[in-house]
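Written out below as structure tokens is the structure these notes cover.
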Amino acid sequence: MTMEKLEKPGMHSTTEEWRKWKEKKKDEQKKRNEEKMLKKMAREEEGKRQKLDEERSKVDDTQIRQQKGRHYTVSVAVPSSIMTNAQSPQLQTHLAGQVARACSIFNIDEIVIFDETDKKMKDSRVEPGDHMMHILQYLECPQYLRKAFFPPHEHLRFAGLLHPLDAPHHLRKDEEWVFREGVVTDQPVKEGFGSFVDVGLDKPVQIDKLLQPGIRVTVRKGKSEADSKKSKGSVVSPDSPREDRGLYWGYQVRRADRISAVFDECPFEGGYDLTIGTSDRGDDVDHISFAPFKHGLIAFGGVYGLEACLEADEKQSLSDPRQLFGVYLNTCPNQGSRTIRTEEAILTSMAALRPKLIAANK
């Protein structure tokens, strides 16, 4: 605030006028001093806040090393037919986005989209499973890599309207990091040196291996030499953040042409050792506990449930889905609605199962 300049009394002013002028002068000086003090306090407070934010944003490597990694995976299987129940491409995109968000919230490592070979799906012009898979993969990819892996496509026409996953591997440029996702660039390298990888920073990171340009990799930050201008890193398995540090690092997506193929084509060695089917005809989830497992699978049905999915599987002779799963559960006993949509079932089921899955592997 700018203060008006006081006019100094003239030579012929009275003593009283001089006294009032001096008092006003003192008041002005006092206000100036107060303003300076307030500004100084505000600057100091802002400095303290910035310092605190910086300390919070820094990764304490020692503390992270002490964190327990997660050595088990959780997969979710959903039918592609849920996409056909949405009346427009916008609603289909929104539905796929809800599935992606729900799976990320509960640290799902794999999403399997299986087909129900009914007439409606065969006659569909746009394959709902491919549409859903494309959106799920797009949302899982860090924003700074999407341009490299996802050219414009009809499936992604409305993807910009979706809420981001904001998962731990979706790092911002100014965030401290131990692991980052990146794409191998075609930048020339000297003989005997590794490729450069774009990990969403101002400069690429040079890794320890020479790889084919255009592939996605997980990079672990290395220790750069003091006189080096290049950032160093090493390529690691996408499972390393989860297994070494307990960090959730997104999900993989795969297709299955029938529900039995969800099990037959399992990518994990030894298959799923915990299989859970969900249905309102299942056992009460509140009265169940699980033994330790390595790879868990939770399957959800479509409009007519897992019973219809099993019936549509021509290569499966079973008639009761209880025979297909190790556990068959009702994850929302006494539900207040006649139907629970699949995208809602993922949220309600995972909220009920999460503490039991964690407890099984403690």
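Just so it is clear, the structure is predicted and the values come from calculations on it, not from any experiment. Heavy atoms only: backbone and side chains are in, while hydrogens, waters and symmetry mates are out.
Between V199 and V205, the shortest heavy-atom distance links the atoms CG2-CG2, 3.6 Å. G326 approaches T275 most closely through the heavy-atom pair N-OG1, 2.7 Å. Closest of all the heavy-atom pairs between Y72 and R70 is O-NH1, 2.9 Å. Closest approach of A352 and T331 over heavy atoms only: CB-O, 4.0 Å.
Residues Q316 and I259 form no side-chain contact, since every pair of their non-hydrogen atoms from C-beta on lies 4.5 Å or further apart.
If you check the side chains of D313 and S260, you find a donor sitting under 3.5 Å from an acceptor. With hydrogens and angles left out, the side-chain atoms of E140 and H169 include a donor and acceptor closer than 3.5 Å. For the 3.5 Å distance criterion, the side chains of Y272 and E110 qualify, holding a donor opposite an acceptor.
Between H295 and F268, the ring-plane angle classifies as parallel under the 30° and 60° cut-offs.
F325 does not carry R322 over the face of its six-membered ring by the limits of under 6.0 Å from the centre and within 45° of the normal. For the pair R146 and Y138, the cation-pi criterion (under 6.0 Å, within 45° of the ring axis) is fulfilled.
By the rule that hydrophobic residues join a cluster once side-chain heavy atoms approach within less than 4.5 Å of another member, I207 and L171 end up as members of one cluster.
Side-chain N or O atoms of D208 include one that pairs as donor or acceptor with a backbone N or O of V235 at under 3.5 Å. In this structure, Y251 contributes its side chain and L136 its backbone to a donor-acceptor pair below 3.5 Å.
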